[in-house]
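So the structure is just underneath, and the comments pick up after that.
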Amino acid sequence: MAGLEKALVPQPCTLIIFGGSGDLSRRKLLPALYNLALDGHLPAGFEVIGFARSEMDDAKYRSFACEAVQKFSRRPYDAAHWAEFERALHYQTASFDDPKSYQALKSRLDEIEARGATLGNRIFYLAIPPSFIGLCARQLKEAGLVHPAKGAEQFSRIIVEKPLGHDLESARKINDELAHVFDESQIYRIDHYLGKETVQNILVMRFGNSIFEPLWDEKHIDHVQITVAEEEGVGTRAGYYEEAGALRDIVQNHILQLLCMVAMEPPYVMDPEVIRSHKLEVLRCLRPFTPQDVERYVVRAQYSAGFCRGLPVVGYRQEKCLKIDSTTETYVALRTFVDNWRWAGVPFYLRTGKRMAKRATEITVQFKNVPRVLFNVDATNPLEPNVLAIRIQPDEGISLRISAKLTGARVRIYPVKMDFRYGTTFGADATPEAYERLILDVMAGDPTLFMRRDEVEAAWQWIDLVQEAWQQKAPERLPEYAAGTWGPPEADRLIESDGRRWRTL
Ligand code: BG6
């Protein structure tokens, strides 16, 4: 991964945040920048321009950012450091479809760049809904704000957030619109899961150790489970979520990226194109769903009223601004296969949901049982299989379940855990937030942890098969699960009919 072979060198630049006063900026981007500053990672020449609809001036933007940092920063707010950092923050009120806004942005950039420290480099961060991406890219071009990929001394890069569209067709359209203005090498498509330390560690675990890879195939692995469980409901994002649903919001991107990291072939070099091509191969090997498969192997459901951390919470359809007859899924569980030599016949069970019993993202690799001889002859009491659990969050770590002999004269076997915990080994707040790492990578021009166009489109192609089957059979109501539980009984049946169980997290 980036940073393993070469040191990251973030280049001086101005970061222009479209949607700079929005939720993502407040919760993630501004705190991430502040933490990078605290850690001394930002380049010497670094400026930010918030570019968004809210009416604000620089002073107001600085106090908006200060509040955001006080509330959401990983490291505690420090007034002295803040005073130094906030000088880099500027704001330009914008209407994304108005050329005048881009002229105003140009003037701000001219002013900043005349001082010389940013070297004229620009990063445009589009923290805005996907429907605005094409429009903003076009306006940037028309205002002459984008440097060409080749032949210019300065660089221009663009970061776009997920979801990139809502199906293959819309994703292609956005990608085409981006391609009219930016070269693929200038485009950074974020999936923030790839910025998580624990996700990057999957490749190190697999290819930096000699003991896992020889077992990493259909001969030794019984199945893989990937769970992204959230405690939160839809919160303030009901409008977006109602259109997206769990399949588009989490499976199309975060879960498939995790699956790629687990299933990909060993890259021969830590090169962004090699790694991304290997991930693409996994996506291309995902078994396409027929409508009958979707019926049998994909479960969707919606949370009903229940409890979250001991307090009563409403069901999805009772959340503010939602339709009482909504059929948007807040939970998906499915079974799929990666149809290649390594993974032939190994089921991958994927599940995600909002308002589940707890927040837990985990990849579980369950190995095959030992033969039915010696310690495992008793069919009524079989040995527990070895399980490698990669805890992405929270309580980040990796554990391996093995069988051990209980002390005493008789041979009695008990499953025990070997456990690595990031917090214990590396310190509690040593793990940077995903956005810190990703922003730094864009400044350094390293696209390894970003999705290439073909990856995004391959993921949509596979997801569309499910979406299309669902559209053909639109139910009046979805199965339900009470908030604060582990999903509907249909999801248990999905895996139990294969003689397996969801792991208790
Ligand atoms: C986002 C989804 O991409 O990821 C949200 O849109 C989800 O719905 C979030 O809550 C989860 O991210 P994390 O890092 O908290 O697991």
Side-chain angles (χ1 to χ4, degrees), residues 19 22-29 31-32 35 71-74 125-131 159-166 171 188-202 226-259 261 300 302-303 308-309 313 316 319 321-322 326 328-332 350-363 390-397 422 431-439 449-451 455-456 459-460 463 483 505:
D23 207 43
L24 185 72
S25 299
R26 199 166 80 89
R27 284 170 184 272
K28 299 286 181 189
L29 305 183
N35 281 286
K71 191 148 183 219
F72 298 109
S73 171
R74 173 172 63 89
Y125 196 131
L126 270 47
I128 50 176
S131 51
I159 308 177
V160 287
E161 270 291 334
K162 64 147 280 253
L164 210 75
H166 55 273
Y188 292 74
R189 298 177 189 82
I190 283 216
D191 181 317
H192 77 277
Y193 265 54
L194 293 177
K196 293 183 192 275
E197 285 288 330
T198 40
V199 175
Q200 293 162 44
N201 193 43
I202 297 171
I226 303 180
T227 302
V228 176
E230 297 189 84
E231 234 175 18
E232 298 296 322
V234 284
T236 52
R237 297 164 73 228
Y240 152 75
Y241 197 84
E242 176 62 12
E243 295 303 313
L247 187 72
R248 293 188 177 107
D249 186 45
I250 300 282
V251 181
Q252 189 272 342
N253 36 80
H254 304 329
I255 289 197
L256 287 186
Q257 287 294 320
L258 293 178
L259 190 152
M261 301 293 261
R300 55 177 160 161
Q302 220 177 39
Y303 62 81
C308 177
R309 284 175 228 150
V313 290
Y316 178 73
E319 297 274 11
C321 316
L322 284 176
S326 162
T328 297
E329 80 286 357
T330 62
Y331 177 97
V332 180
L350 316 179
R351 63 176 166 162
T352 184
K354 295 226 179 259
R355 282 273 185 254
M356 304 211 42
K358 74 182 212 201
R359 175 171 181 252
T361 295
E362 185 176 301
I363 301 168
I390 305 168
R391 297 190 301 275
I392 303 294
Q393 65 186 25
D395 186 24
E396 291 82 356
Y422 276 75
T431 309
E433 285 275 336
Y435 279 97
E436 295 174 36
R437 171 56 192 270
L438 294 173
I439 292 172
L449 300 176
F450 296 82
M451 291 179 293
E455 275 182 82
V456 175
W460 275 124
I463 289 290
L505 300 180

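This chain uses plain numbering: 1 for the first residue, then up along the sequence. Counting starts at 1 for both ligands and their atoms, following the listed order. Side chains are part of it too, since the values below use all heavy atoms of this structure and drop only hydrogens, waters and symmetry mates.
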Provide, line by line, the atom pairs where ligand 1 and the protein bring an N/O atom each to a distance under 3.5 Å; else say none.
| from | atom 1 | to | atom 2 | distance (Å) |
| --- | --- | --- | --- | --- |
| ligand 1 | 3 (O) | K162 | NZ | 2.7 |
| ligand 1 | 3 (O) | H254 | NE2 | 2.7 |
| ligand 1 | 4 (O) | H254 | NE2 | 3.3 |
| ligand 1 | 6 (O) | K162 | NZ | 3.1 |
| ligand 1 | 6 (O) | R237 | NH2 | 3.0 |
| ligand 1 | 6 (O) | D249 | OD1 | 2.6 |
| ligand 1 | 6 (O) | D249 | OD2 | 3.4 |
| ligand 1 | 8 (O) | R237 | NH1 | 3.0 |
| ligand 1 | 8 (O) | D249 | OD2 | 2.6 |
| ligand 1 | 8 (O) | K354 | NZ | 2.8 |
| ligand 1 | 10 (O) | E230 | OE1 | 2.4 |
| ligand 1 | 10 (O) | E230 | OE2 | 3.4 |
| ligand 1 | 10 (O) | K354 | NZ | 3.2 |
| ligand 1 | 12 (O) | H192 | NE2 | 3.1 |
| ligand 1 | 14 (O) | H192 | NE2 | 2.8 |
| ligand 1 | 14 (O) | K196 | NZ | 2.6 |
| ligand 1 | 16 (O) | Y193 | OH | 2.6 |
| ligand 1 | 16 (O) | Q393 | NE2 | 2.6 |

Exercise. Could I get the full list of ring-ring contact (aromatic ring centres under 6.0 Å, His included) partners for Y316, not counting sequence neighbours?
Key: Y303
Practice problem: Inspect the contact between R309 and E231 and indicate whether a charged nitrogen and a carboxylate oxygen are less than 4.0 angstrom apart. | Solution: yes
Self-check item: Set of ring-ring contact (aromatic ring centres under 6.0 Å, His included) partners for F450, sequence neighbours left out
Solution: Y188
Practice problem: Applying side-chain contact (heavy atoms from CB on, under 4.5 Å) between Y193 and each of Q393, Q257, M261, report the one that passes. | Solution: Q393
Quiz item: Do NZ/NE/NH1/NH2 and the carboxylate oxygens of R237 and D23 come within less than 4.0 Å?
Solution: no
Quiz prompt | ring-ring contact (aromatic ring centres under 6.0 Å, His included) partners of Y435, counting only residues at least two apart | solution = H192
